[in-house]
Structure formats: structure tokens, C-alpha cells
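Heavy atoms only: backbone and side chains are in, while hydrogens, waters and symmetry mates are out.
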Amino acid sequence: MTLRELTALSPARIVALRLDADEARWLRALGVTEGAAVVVLRAGPFGGPLMVRVGERTAFAIDRAVAAAIDVAASPVEPRP
């Protein structure tokens, strides 16, 4: 499953980044790394960006095309708000 397909407020763990080196480096600087906890907080209307939280405190908007290149697995442990 990809981050783009993840249901809002469903906890997951990042499995892999299928992006070019520059995009992957940028995301890793934000904490988007393999094994990190992630949750989609909300989806922008009309195909807009996804608001995501990585870890406990980092939240940002991400383009849906980029989110489609981030593989995730459902996680039974819900990240803290």
C-alpha cells in the first residue's frame, strides 16, 4: 500500500521510498525514513495535497504524486497526537 492510499488517521510505518535521490534526500531530512511512524491527517479537496504527520511532531503537506511513491504498511501502534 502507498501513503496516498492510506486512510486518514490510520497509523502506518514507512516501508520504502521509491523516489529519485533528490526527493528521497529531502523527505529523509523531514524524518520520512524507512520504519518511521506516519499518519495522514487529512486530504486536500479536489486532489490537493495530503497533510501527514511523521513521528510525534513533524507535520507537513505532501503532493499526492509523491505520496504514491512512498510504500507503507499498516501499524497496530497508533502514533501519539
Side-chain angles (χ1 to χ4, degrees):
M1 163 180 12
T2 68
L3 184 58
R4 182 178 178 169
E5 299 166 329
L6 190 63
T7 304
L9 304 178
S10 297
R13 294 266 174 208
I14 297 172
V15 176
L17 303 178
R18 294 178 289 106
L19 299 159
D20 67 45
D22 289 334
E23 287 178 314
R25 187 174 19 261
W26 172 73
L27 288 171
R28 285 189 176 106
L30 294 173
V32 180
T33 60
E34 289 81 356
V38 63
V39 64
V40 174
L41 300 173
R42 63 184 166 273
F46 308 109
L50 301 176
M51 185 68 166
V52 300
R53 184 178 65 225
V54 177
E56 293 185 24
R57 296 189 175 146
T58 305
F60 55 91
I62 189 168
D63 185 80
R64 289 181 193 233
V66 174
I70 300 172
D71 295 330
V72 299
S75 174
V77 177
E78 189 168 330
R80 289 187 242 165

**Report entry** Heavy-atom check, side chain of I14 versus side chain of V32, under 4.5 Å
**Finding:** yes
Query raised in the report: Nearest 0.5 Å, what's the CG-CZ distance between L17 and R28?
Result: 4.5 Å
Query raised in the report: Less than 4.5 Å apart, any side-chain heavy atom of M1 and any of D71?
Result: no
Report task. Output the distance between atom CZ (R13) and atom OG1 (T33), rounded to the nearest 0.5 Å. Result -> 10.0 Å
Query raised in the report: With a 4.5 Å heavy-atom cut-off, do L19 and V66 have their side chains touching?
Result: yes
Query raised in the report: With side chains defined as the heavy atoms from C-beta onward, is the minimum distance between V54 and F60 less than 4.5 Å?
Result: yes
**Report entry** CZ/R18: more than 12 non-hydrogen atoms of other groups inside 6.0 Å
**Finding:** yes
Query raised in the report: So, for A36 and G31, which heavy atoms are closest and what is the spacing to 0.1 Å?
Result: CB-O, 3.6 Å
Query - Over all atoms of both residues, closest heavy-atom pair of A67 and T2 - result: O-CB, 3.8 Å
Query raised in the report: Between V39 and P11, what is the shortest heavy-atom contact and its length?
Result: CG2-N, 4.4 Å
Query - Which atom of L3 lies closest to which atom of V72, heavy atoms considered - result: N-CG2, 4.0 Å
Report summary line: dist E34:CD -> I70:CD1 (nearest 0.5 Å) comes out at 10.0 Å
Query raised in the report: If Ile, Leu, Val, Met, Phe, Trp and Tyr residues are connected whenever their side-chain heavy atoms lie under 4.5 Å apart, and connections chain through other members, are V15 and L6 in the same group?
Result: no
Requested in this report: Look at R64 together with E5 and state whether they make a salt bridge at an N to O cut-off of under 4.0 Å.
Outcome: no
